[in-house]
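Inspection log for the structure reproduced underneath, given as structure tokens.
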Amino acid sequence: MRLEIAQKPGWGKRGMQGLALAAFGLLLAGCGKSPEDGGHVAEATISAPAAGVTEARIIAAEEGAWLSHGRTYDEQRYSPLAQITSDNVGRLGLAWSYRLPTARGTEATPLVFDGVLYTTGPWSLVYALDAASGELLWSYDPKVPTEWARYACCDVVNRGVAAWGNSIFVATLDGRLVALDAKTGEQQWSVQTTDPERPYTITGAPRVVKGKVLIGNGGAELGVRGYVSAYDADTGEQLWRFYTVPGDPSLPFESEVLQGAADTWKGGEWWKIGGGGTVWDSMAYDPELDLLYIGVGNGSPWSRHIRSPGGGDNLFLSSIVALKPDTGAYVWHYQTTPGDSWDYTATQHMILADLDIDGKPRKVLMQAPKNGFFYVLDRQTGELISARNFVQTTWASHVDMETGRPVETPQARFADAPSFALPSPFGAHNWHPMTYSPDTGLVYIPAQEVPFVYGKDQDFKYAPGYWNLGVDPSLAAMPEDPEVAQQLAAMIKGRIIAWNPVTQEEAFHVEHPGPWNGGMLSTAGNLLFQGTPLGQFLALSADTGEQLWSFPSQTGIVAAPISYQVGGVQYVAVMAGWGGTFPLFLGAAYPPGATEMVNQLLVFRLDGKAGLPALKTVERVMPKPPGQEISDEELALGKRVYHLRCGICHGESAIGGGIIPDLRYMSEQVHKNFYAIVLGGASYKAGMPAFGQILSAEEAKATHAYIIDRAQKAWEQQSPASE
Ligand code: CA
């Protein structure tokens, strides 16, 4: 199973060593230097040195700072600060907080240096705050058009800024890369990195390597071609672009590498839809090897039956690719999921570390992608050192160490019939960052098990600008039988897995009530920090997993915490704000509470005494739904169309998660305007597309009927005697 492409010229000697929703439904309804040593400048004065952030500073990994997305280029997300320890963490309290003017998914990792904390919120807004006091120094609103939300598969989130020189860089939901003056927030330059005619979005944090700002993009659920680009940090000039999948083979390829990759795509017209392979989150950099690593996403559309009907690995989908940061030249790749058909991205967090394996020091790259296997690669050559599943995987039994490829199970590709599967498109591990502690030698994975049913979309027709999965999400809709639903709900799990990457074994795990828990931080104080969907921010012992402390965050947390030191005080900070793809799809898993949704930055220190303002309560009153007579056929059509076109944002089985409107709560007026909104685009500005071009009047009517039916069932449940 060696890839023949490896033998092609131009691939380099190292070549290819590497050679909902229903389930959703399934898902439950219930479902050291001290600061005195000069680790950084004069705290609280907020005056940056003239040179600002440099490669030397990032590589030096200043103890008190967090200078790059994963703190250091190796993205370990381990803080060497040890003022807060597993012995005194009980004294941890809120130092200050900052309430954002938004209420959507909040996924940013803040940066901190020279006394200032830089972070982002929903809609790509940027905030600079005094890291000790929480005073807002400046904020920047890129004014993303609200209608662009329709292209955001997974909420209008942003995962943070990058810093270089005296600039802060943010990538916006609508595809711009913007440089801001770190002191004032004034815009220095802005470039459009994507074709505005295609449904590209950016949610990931840029990285800066050798004065080049690196950024990818997303959109593979709708139909785009993935790539990563480098821009000059001073001028915004584009320096290079690496496409992750081949374009139209009738046109010249951008490189020999892509020409070789095109041989792994067979039949079909993938380039019309885009092919996918978006680089929407993870990167890492090894300054010694001078290699940049990018994580590449799923196929567009998901289903290989449509994308590449003749089979093939479809490079570089679901791959880790090593590039030269100066030129974007390909060096090696390892494909985690050849011929992806499951949305098994390899965009998940990559960690670089030096490990002793079989008595030899190895420079490794580690990833736990959506597909459920933990990979340890030699990061110089791309050679697979080991791979082992960290959760149950139904699509592949194991990774063959001879070929470096997964051994797929017979039902994996849902060729003849729908296939019940673990992991799901939510992933065994999604974007939520892991952490590696060199003290314990363990990688801590925010892992989850969410089942799914994959099946072909038999009527698939490419609809530009809309979702184009090629699988039928209605197959994954919640079974009507409550007993079956309950059994499925019991399969949905979330946990921290403490993983030994040397032995490829679990050291221990900490079970959570459910999935979609926050990203992670480890510290030299023998601590782990993580937030939960149920609004708790936790500190745990890194060596045993024992929970030592918790704080009610007033909202679910999905982002990863950081730690920094200013004025001799160690702080732990986390962005709190529930959202992302999970509550959009699976609102039933964590129903909205009785209080307003908020986004806030929470910052803790020992003996912190600050409090949080109380939240407003929200009355959720379901209006009495209209009555209707409807045939079983019409209801079945409505259910299918709903899950194909609506459920991905408004929730499986029409159960909302509180992020965007729960359609069962539609007012009489909205029912009246239903066709104007759904077909005519009357709510376009709110991010609701007009479906007039792709839905017939009959389909729209059936969809409305299905929503009314769901509302009636919920109405009867909440007030059985109200008729
Ligand atoms: Ca995806």
Side-chain angles (χ1 to χ4, degrees), residues 20-21 23-24 105 107 149-157 159 173 194 198-204 216-228 244-245 270 273-282 294-304 306-308 314 316-320 335-350 367-372 395 414 421-432 448 450 452 454 457 460 462 465-473 476 515-516 558 579-586 644 647-649 652:
L21 298 140
F24 305 1
E107 299 187 351
R150 66 172 287 189
Y151 300 128
C153 68
C154 308
D155 206 350
V156 295
V157 297
R159 283 184 289 276
L173 191 72
T194 54
R198 303 283 303 209
Y200 281 103
T201 50
I202 304 183
T203 57
N217 46 59
E221 271 56 58
L222 290 93
V224 299
R225 182 187 183 196
Y227 55 86
V228 60
T244 58
V245 297
W270 72 85
I273 301 178
T278 51
V279 182
W280 58 262
D281 192 52
S282 70
I294 60 168
V296 182
N298 57 278
S300 184
W302 285 1
S303 172
R304 190 182 66 173
I306 294 164
R307 197 178 63 231
S308 179
N314 292 188
F316 293 97
L317 295 183
S318 305
S319 298
I320 295 162
Q335 190 172 38
T336 58
T337 309
D340 169 49
S341 243
W342 309 274
D343 189 20
Y344 287 165
T345 60
T347 51
Q348 279 60 49
H349 183 190
M350 294 179 287
Q367 191 189 51
K370 279 190 185 179
N371 76 15
W395 72 281
F414 51 97
L422 278 167
S424 70
F426 290 117
H429 166 227
N430 208 304
W431 62 269
H432 314 79
Q448 56 193 14
V450 183
F452 192 78
Y454 289 96
D457 176 0
F460 177 79
Y462 173 44
Y466 296 86
W467 281 62
N468 288 287
L469 301 181
V471 306
D472 180 356
W516 211 248
V558 290
T581 184
F582 187 85
L584 291 181
F585 280 2
L586 271 179
L644 204 55
I648 279 148
C649 292
E652 181 280 326

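Not measured: the values here are computed from a predicted model. Whatever order the structure lists them in is the order used to number ligands and atoms, beginning at 1.
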Residues passing the ring-ring contact (aromatic ring centres under 6.0 Å, His included) test with Tyr344, sequence neighbours excluded, are Trp342, Trp395
Report task. State whether Asn298 contributes an N/O/S atom found under 3.0 Å from the Ca ion (ligand 1). Result -> yes
Kindly determine whether Thr194 and Asn217 satisfy side chain to side chain donor-acceptor pair (under 3.5 Å), including the steps that lead there. CA-CA 8 Å; Thr194 54; Asn217 46 59; over 6 Å; no
Residue set satisfying ring-ring contact (aromatic ring centres under 6.0 Å, His included) with Tyr466, at least two apart, ordered chain then number -> Phe691
Here the N/O/S atom of Glu221 closest to the Ca ion (ligand 1) would be OE2
Checklist entry - For Arg304 and Asn314, does a side-chain donor sit closer than 3.5 Å to a side-chain acceptor? => result no
Closest to the Ca ion (ligand 1), among the N/O/S atoms of Asp343, is atom OD1
